[in-house]
Amino acid sequence: MPRTLFDKIWDAHVVNRLEDGTCVLYIDRHLVHEVTSPQAFEGLRMAGRKVRRVENTIAVVDHNVPTGPDRLTEANEPESALQIATLEQNVRDFGVTYFPMSDARQGIVHVVGPEQGISLPGMTIVCGDSHTSTHGALGALAFGIGTSEVEHVLATQTLLQKPAKNMLVRVDGKLTAGCTGKDIMLAVIGKIGTAGGTGHVMEFAGEAISALDMAGRLTMCNMSIEAGARAGLVAPDETTFEYIRGRPYAPKGEDFDRAVEYWKALPSDEGAHYDVVVELRAEDIIPQVTWGTSPETVIPITGSVPNPATEQDEAKRAQMERMLSYMGLQAGQKIAGTKVDVVFIGSCTNSRIEDLRAAAAVAKGRHVADGVRVLVVPGSGLVKQQAEAEGLAQIFTDAGFEWREAGCSMCLGMNPDKLKPGERCASTSNRNFEGRQGPGGRTHLLSPAMAAAAAITGKITDVRELV
Amino acid sequence: MDKFTTLTATTAPLNIDNIDTDKIIPARFLKTIKRTGLGKNAFADMRYNRDGSEKPDFVLNQEPYRRAEILVTGDNFGCGSSREHAPWALKDFGIRCIIAPSFADIFFNNSFKNGLLPIALSRDICDRLREDAAMGNNAKLTVDLARQVVIRPSGEEIPFDVDPFRKHCLLNGLDDIDLTLEHETAIDAYEAKVPSWQPKIQGA
């Protein structure tokens with residue numbers, strides 16, 4: 001029977017199948033960070049267990065590290081410092097490989113995994129973080145888990161899971177100028193909603209996806225969770241293999257050739273069954289931006305904020321009104337021209353070198369608008385080094401943008417980088433929930449180029465007018 | 001893990017769709033290395049003003065719902081992050097069962113690991129259960145996991161689905177890790193067959 005990419009990875013990792021269909025699923029890569037692991041290690045200790053496979057496990061700090069220039073010498077917030085110290089004690093006690101803040105390889109866990117060649121096609125990859133879906137861009141089955149499951153994987157190198165359903169998101173045609181993987185993904189979420197992918201693994205395919213570089217694919221899979229999907233996937237191809245070749249933890253020499261041979265058999269078979277198929281045309285997508293407090297509240301940059309009065313469902317209407325009030329927007333107003341206070345370029349969604357290049361292309365030779373604060377936060381220390389070598393950092397600092405150290409930063413309001421109540425932010429991150437970037441903060445999600453455009457003009461702007 | 005068998009308890013109505021995990025427990029409260037003590041910050045931004053005073057219109061600040069153990073809420077409950085702090089915070093507040101038309105996958109999964117039972121029922125039935133819940137001190141529902149029914153104050157029984165394996169674990173308070181380790185020989189056998197080209201991350 002023809003199988004999908006998801007079916008193949010799943011089948012290859014089933015250790016045992018229980019009577020009711022629950023599977024003991026083997027996990028090839030376990031990524032660990034400071035926020036969702038302390039209670040899991042504590043559980044191991046209390047039960048007298050060890051980490052079953054340290055050679056499948058890697059730890060890094062990202063969520064609550066500061067991103068300022070003096071972070072190695074300045075005191076962190078006490079609770080954050082304790083969480084980081086706890087991780088450092090745990091990796092020592094249990095023998096887990098770890099990239100500390102002082103290591104150039106440190107960065108956001110979902111940037112580090114692919115960058116180091118730790119995340120590879122055909123693997124099962126988990127992390128106590130919902131954006132683990134990012135790694136699916138390599139053709140790996142990657143998904144977020146809670147802390148109990150983190151402990152379960154540490155102790156057993158497996159998870160108890162039932163298979164997901166298959167969803168295909170096909171995007172044919174060619175993307176137009178000024179549009180990126182971020183815009184495609186926001187359009188997908190706008191089309192199917194934040195629960196549209198619930199229970200499904202979402203495979204992206206079609207001409208426009210094949211044409212994307214790895215960074216674009218990583219962005220799309222990253223936000224598959226924002227469509228409710230268990231995971232995102234892109235079939236591995238030459239773009240994938242070239243991306244992996246030579247990375248520190250990737251297979252080398254003959255091993256690489258054998259790996260590629262295996263990876264080439266992974267793409268979905270002709271005629272494989274998908275439970276749901278969603279189709280978009282790339283030409284129909286123009287730069288996207290969110291107006292509300294859910295990632296599905298997305299409109300094209302040429303669009304207007306919707307009017308709740310046109311919504312029939314009473315609960316939905318009330319919700320829209322609440323969103324407008326929280327966001328400080330008027331029904332029917334053009335989204336372009338909305339003034340911003342802060343611009344955030346970073347996060348596991350958009351902090352790779354390609355994202356920084358796209359932002360720098362817009363910022364080059366220009367200057368930030370008066371009164372706007374711009375944070376550019378590379379996804380890893382290595383991305384930072386590369387951006388400095390390529391002259392991107394210089395472009396940003398010349399433009400009056402802050403050039404910072406690697407971490408999750410202003411994506412999630414649990415480190416010093418936060419919005420103040422009422423501040424409006426054009427953000428390349430993934431969630432515009434109430435309070436996500438700091439209590440009372442207002443978030444508009446968009447691509448790195450669109451974020452740079454907002455920085456220059458001080459308002460939400462169609463980047464196509466600037467290039 | 002705590003067992004879940006039957007529960008008769010005050011039920012709070014919370015008719016909002018897409019309640020995300022940042023609403024259930026904002027990220028600034030995730031800087032703990034413990035599982036306990038998060039209840040006071042459950043729904044923090046919906047529940048408290050910036051000065052720390054309570055918002056009187058939020059249902060869990062009202063009597064008798066301060067003692068609610070069941071929540072009847074909207075679609076896609078628990079969407080967003082994978083933070084298990086969300087079920088920990090709900091549990092620590094006193095919530096033991098959540099009824100909604102649908103749940104986000106990771107939250108759904110995490111709940112079962114903490115003796116917190118998520119029940120998916122149609123939007124229509126959730127509307128009726130919220131009407132029951134609005135009856136103040138009479139707002140008690142009974143959840144019988146063994147029989148898989150929710151019992152309304154009128155005595156009407158509403159059946160629900162639950163995964164048999166998860167039901168078994170909840171009813172008996174079983175720890176997943178112990179169950180999985182019964183498969184250790186199979187895990188060993190699986191690992192022996194991992195292809196040699198697959199690289200290892202060496203221990204630090």
Side-chain angles (χ1 to χ4, degrees), chain A residues 15-16 18 20 22 24 26 35-36 38-39 54-58 64 79-80 82-83 86 91 95-98 118 128-130 144-149 151-152 155-158 160 194-195 198-199 228 230 249-251 255 258-259 262 294 315 319 412-414 421 431 433-436 439, chain B residues 1 15-18 20-23 26-28 30-35 45 50 74-76 79-88 102-107 109-110 113-114 163-166 176-177 179-181 183-184 186-187 189-191 194-204:
Chain A
V15 171
N16 251 344
L18 314 185
D20 75 334
T22 301
V24 180
Y26 196 77
V35 177
T36 56
Q39 298 87 349
V54 287
E55 62 268 41
N56 293 23
T57 313
I58 180 101
N64 62 28
E79 287 176 302
S80 298
L82 175 62
Q83 223 169 32
T86 304
V91 297
V96 172
T97 304
Y98 170 59
I118 288 168
D129 189 282
S130 60
I145 56 177
T147 299
S148 295
E149 290 188 318
E151 183 181 342
H152 194 280
T156 71
Q157 207 52 47
T158 66
L160 295 172
T194 52
T198 304
R230 283 206 201 164
Y249 288 90
D255 279 346
R258 282 156 67 203
Y262 177 72
S294 164
Q319 217 152 347
L412 85 166
M414 71 175 298
R431 290 191 177 131
F433 298 158
E434 281 183 31
R436 171 80 180 179
Chain B
M1 187 179 74
N15 189 17
I16 301 176
D17 288 341
N18 297 312
D20 56 70
T21 50
D22 280 80
K23 278 211 183 77
R28 60 187 182 279
L30 308 189
K31 298 184 192 190
T32 171
I33 56 170
K34 296 188 166 60
R35 291 172 202 249
D45 292 338
R50 288 207 187 105
D75 247 331
N76 200 26
C79 59
S81 98
S82 67
R83 61 189 69 163
E84 199 158 317
H85 309 69
W88 292 339
S102 66
F103 294 88
D105 283 328
I106 305 176
F107 175 85
N109 231 350
N110 285 342
K113 314 284 181 198
N114 291 282
D163 181 276
F165 176 71
R166 285 169 160 156
D176 273 3
I177 295 178
L179 292 172
T180 300
L181 288 174
H183 299 270
E184 200 161 9
I187 300 171
Y190 181 93
E191 286 178 333
V194 170
S196 62
W197 58 258
Q198 190 158 303
K200 291 176 166 37
I201 306 167
Q202 300 300 326

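Below, each value reflects all heavy atoms present in this structure, side chains not excepted, and no hydrogens, waters or symmetry copies. Just so it is clear: chains get the letters A, B, ... in the order the sequence lines come, proteins before strands, and each one is counted from 1. What you are looking at is a predicted structure, and each value in this text was computed from that prediction instead of being measured.
- Within the 4.5 angstrom heavy-atom criterion, atoms from both the backbone and the side chain of Asp17(B) approach chain A.
- In this structure, Ser102(B) contributes its side chain and Asn76(B) its backbone to a donor-acceptor pair below 3.5 Å.
- With Gln39(A) contributing its side chain and Lys34(B) its backbone, the two residues share a donor-acceptor pair below 3.5 Å.
- For Thr158(A), the part lying under 4.5 angstrom from a heavy atom of chain B is the side chain only.
- Contact annotation for Ile145(A): only backbone heavy atoms (N, CA, C, O) come within less than 4.5 Å of a heavy atom of chain B.
- For a residue to count as touching a neighbouring chain, one of its non-hydrogen atoms must lie under 4.5 Å from one of that chain's; by this rule Arg431(A) touches chain B with the side chain only.
- At a 4.5 Å heavy-atom cutoff, the contact between Asp176(B) and chain A is made by backbone and side-chain atoms alike.
- With a threshold of 4.5 angstrom between heavy atoms, Thr22(A) approaches chain B through side-chain atoms but not through N, CA, C or O.
- Between chain B and the options Ile118(A), Asn64(A), Thr198(A), the largest number of non-hydrogen pairs under 4.5 Å is found for Thr198(A).
- Here the side chain of Asp20(B) pairs no donor or acceptor atom with the backbone of Cys79(B) at under 3.5 angstrom.
- Only the side chain of Asn114(B) comes within contact range of chain A, with at least one heavy atom under 4.5 Å from a heavy atom of that chain.
- Taking 4.5 Å as the limit, every side-chain heavy atom of Arg258(A) sits out of range of all side-chain heavy atoms of Pro195(B).
- Highest contact tally toward chain A, considering only Gln198(B), Arg50(B), Arg35(B), is held by Arg35(B) [criterion: heavy-atom pairs under 4.5 Å].
- Counting heavy-atom pairs under 4.5 Å between each of Pro26(B), Gly74(B), Pro87(B), Ser82(B) and chain A puts Ser82(B) at the top.
- Looking only at distances, a side-chain donor or acceptor of Lys31(B) sits under 3.5 Å from a matching main-chain atom of Met414(A).
- By the 4.0 Å N-to-carboxylate-O rule, Asp45(B) lies close enough to Arg28(B) to be salt-bridged with it.
- Side-chain contact between Gln319(A) and Asn18(B) is present, with heavy atoms from C-beta onward closer than 4.5 Å.
- In this structure the side chain of Thr97(A) never reaches within 4.5 angstrom of the side chain of Val54(A), judged on heavy atoms.
- Proximity to chain A (any heavy atom under 4.5 Å) is shown, for Ile33(B), by both the backbone and the side chain.
- Here the OG1 atom belonging to Thr36(A) is positioned 9.0 Å from the CD atom belonging to Gln83(A), to the nearest 0.5 angstrom.
- Proximity to chain B (any heavy atom under 4.5 Å) is restricted, for Gln157(A), to the side chain, taken from C-beta onward.
- Of the listed residues Pro38(A), Ala259(A), Gly435(A), Pro251(A), the one with more heavy-atom pairs under 4.5 angstrom with chain B than any other is Ala259(A).
- For Val35(A), the parts sitting under 4.5 Å from any heavy atom of chain B are the backbone and the side chain alike.
- Glu84(B) contributes a side-chain N or O that, together with a main-chain N or O of Thr147(A), makes up a donor-acceptor pair within less than 3.5 Å.
- For a residue to count as touching a neighbouring chain, one of its non-hydrogen atoms must lie under 4.5 Å from one of that chain's; by this rule Asn56(A) touches chain B with the backbone only.
- In this structure, chain A has a heavy atom under 4.5 Å from the backbone of Phe103(B), while its side chain stays farther away.
- Contacts between Thr86(A) and chain B at a heavy-atom distance below 4.5 Å involve the side chain alone, from C-beta outward.
- With a 4.5 angstrom heavy-atom cutoff, Ser81(B) touches chain A via backbone and side-chain atoms both.
- Interface remark: Arg166(B) contributes no atoms to any contact with chain A (heavy atom separation under 4.5 Å).
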